[in-house]
Amino acid sequence: EAGVVQSPRYKIIEKKQPVAFWCNPISGHNTLYWYLQNLGQGPELLIRYENEEAVDDSQLPKDRFSAERLKGVDSTLKIQPAELGDSAVYLCASSLGQGTDTQYFGPGTRLTVL
Amino acid sequence: AQTVTQSQPEMSVQEAETVTLSCTYDTSESDYYLFWYKQPPSRQMILVIRQEAYKQQNATENRFSVNFQKAAKSFSLKISDSQLGDAAMYFCAYRTGANSKLTFGKGITLSVRP
């Protein structure tokens with residue numbers, strides 16, 4: 001069974017540029033998560049989807065971050081414009097449903113903002 | 001607010017020996033779950049072991065076991081017969097029964113000496 005797929009794996013951009021990350025969850029997983037992991041820290045939740053609905057986006061900086069999960073499968077996380085402090089690893093995870101079971105993580109996208 | 005504390009930033013163990021990684025958490029909830037995740041360098045995070053708070057029996061997965069002390073809010077991971085492939089960053093994480101948001105500790109870097 002394929003795991004959570006993320007792309008790109010690495011991205012280098014200049015500040016004020018836009019950037020987008022893509023995530024394909026494990027087949028059949030209704031719940032999808034985006035986490036932010038700063039260097040030397042544990043991941044922190046940005047947003048959680050139950051199917052197409054964003055049910056927890058309280059930690060998403062909505063002035064520059066946006067996310068979507070069309071058709072309840074793939075998801076895209078966007079930053080516009082990027083700032084130096086956005087340099088981090090962006091992790092996507094998925095779980096079967098209702099958000100009450102084990103979360104499986106993708107390899108992450110390492111973003112560097114210059 | 002729930003917090004997870006991993007006070008040891010680094011640990012080292014000799015190959016084939018046993019090592020224990022510490023984790024404490026703070027919560028007022030009675031229904032929750034605890035996890036240990038492993039994150040090898042530049043590789044994705046994988047679940048090592050999980051423990052349901054309502055279960056008194058400590059979870060075990062092959063060479064990995066936990067010491068869950070609910071009253072002390074302590075959740076340590078024991079790795080027996082350490083192998084070179086165990087070298088990674090280990091994160092302790094917490095989730096309530098009602099909310100699937102994972103709260104992570106800062107992680108501990110484990111090195112294995114051959």
* Neighbours of chain B found in residues 13-20 of chain A - heavy atoms under 4.5 Å ->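 Against chain B, none of the residues of residues 13-20 of chain A fall inside the cut-off of heavy atoms under 4.5 Å.
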
State plainly whether one hydrophobic cluster holds both [X] and [Y], where clusters connect Ile, Leu, Val, Met, Phe, Trp and Tyr through side-chain heavy atoms under 4.5 angstrom apart.
| X | Y | value |
| --- | --- | --- |
| A/Y49 | A/V73 | no |
| A/L70 | A/W22 | no |
| A/W34 | A/V89 | no |
| A/L36 | A/V4 | no |
| A/Y35 | A/L60 | no |

* Test item: A/Q37 and B/F91 side chains (from C-beta on) under 4.5 Å apart, heavy atoms ->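 Result yes, sub-4.5 Å side-chain heavy-atom pair found.
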
* Is the shortest heavy-atom distance from the side chain of B/I46 to the side chain of A/Y104 under 4.5 Å? ->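 No, too far: nothing below the 4.5 Å cut-off.
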
* Using a cut-off of under 4.5 Å on heavy-atom pairs, state which of A/P43, A/A93, A/G42, A/G40 scores highest against chain B. =>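 Answer, by heavy-atom pair count under 4.5 Å with chain B: A/P43.
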
Counting heavy atoms not belonging to [X], are there more than 12 under 6.0 Å from its [atom1]?
| X | atom1 | value |
| --- | --- | --- |
| A/K11 | NZ | no |
| A/L39 | CG | no |
| A/D63 | CG | yes |
| B/R43 | CZ | no |
| B/K106 | NZ | no |

* To do: With sequence neighbours excluded, tell me which residues meet ring-ring contact (aromatic ring centres under 6.0 Å, His included) with B/Y25.
  =>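 By the ring-ring contact (aromatic ring centres under 6.0 Å, His included) rule, B/Y25 matches B/Y32.
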
* To do: Hey, could you give me the CZ/CD distance between B/R50 and A/Q103, rounded to the nearest 0.5 Å?
  =>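 Rounded to the nearest 0.5 Å, the CZ-CD separation comes to 10.0 Å.
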
* To do: Enter the distance from B/Y33:OH to A/T102:OG1 here, rounded to the nearest 0.5 Å.
  =>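 Rounded to the nearest 0.5 Å, the OH-OG1 separation comes out at 10.0 Å.
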
* Side chain, backbone, both or neither: which part of A/R9 has a non-hydrogen atom closer than 4.5 Å to chain B? ->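 The side chain, not the backbone.
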
* Quick one: what part of A/E44 sits under 4.5 Å from any heavy atom of chain B, side chain, backbone, both or neither? ->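 Neither part; nothing is under 4.5 Å.
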
* Residue B/Q39 versus chain A: region with a heavy atom under 4.5 Å ->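 The side chain, not the backbone.
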
* Applying side-chain contact (heavy atoms from CB on, under 4.5 Å), run through A/Y33 and B/L102 and close with a yes or a no. => CA-CA 10 Å; A/Y33 313 77; B/L102 277 173; over 6 Å; no

* Determine yes or no for a side-chain-to-main-chain donor-acceptor pair under 3.5 angstrom, with B/Q44 supplying the side chain and A/F105 the backbone. =>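 Indeed, once roles are kept as given, a pair shorter than 3.5 Å links the two residues.
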
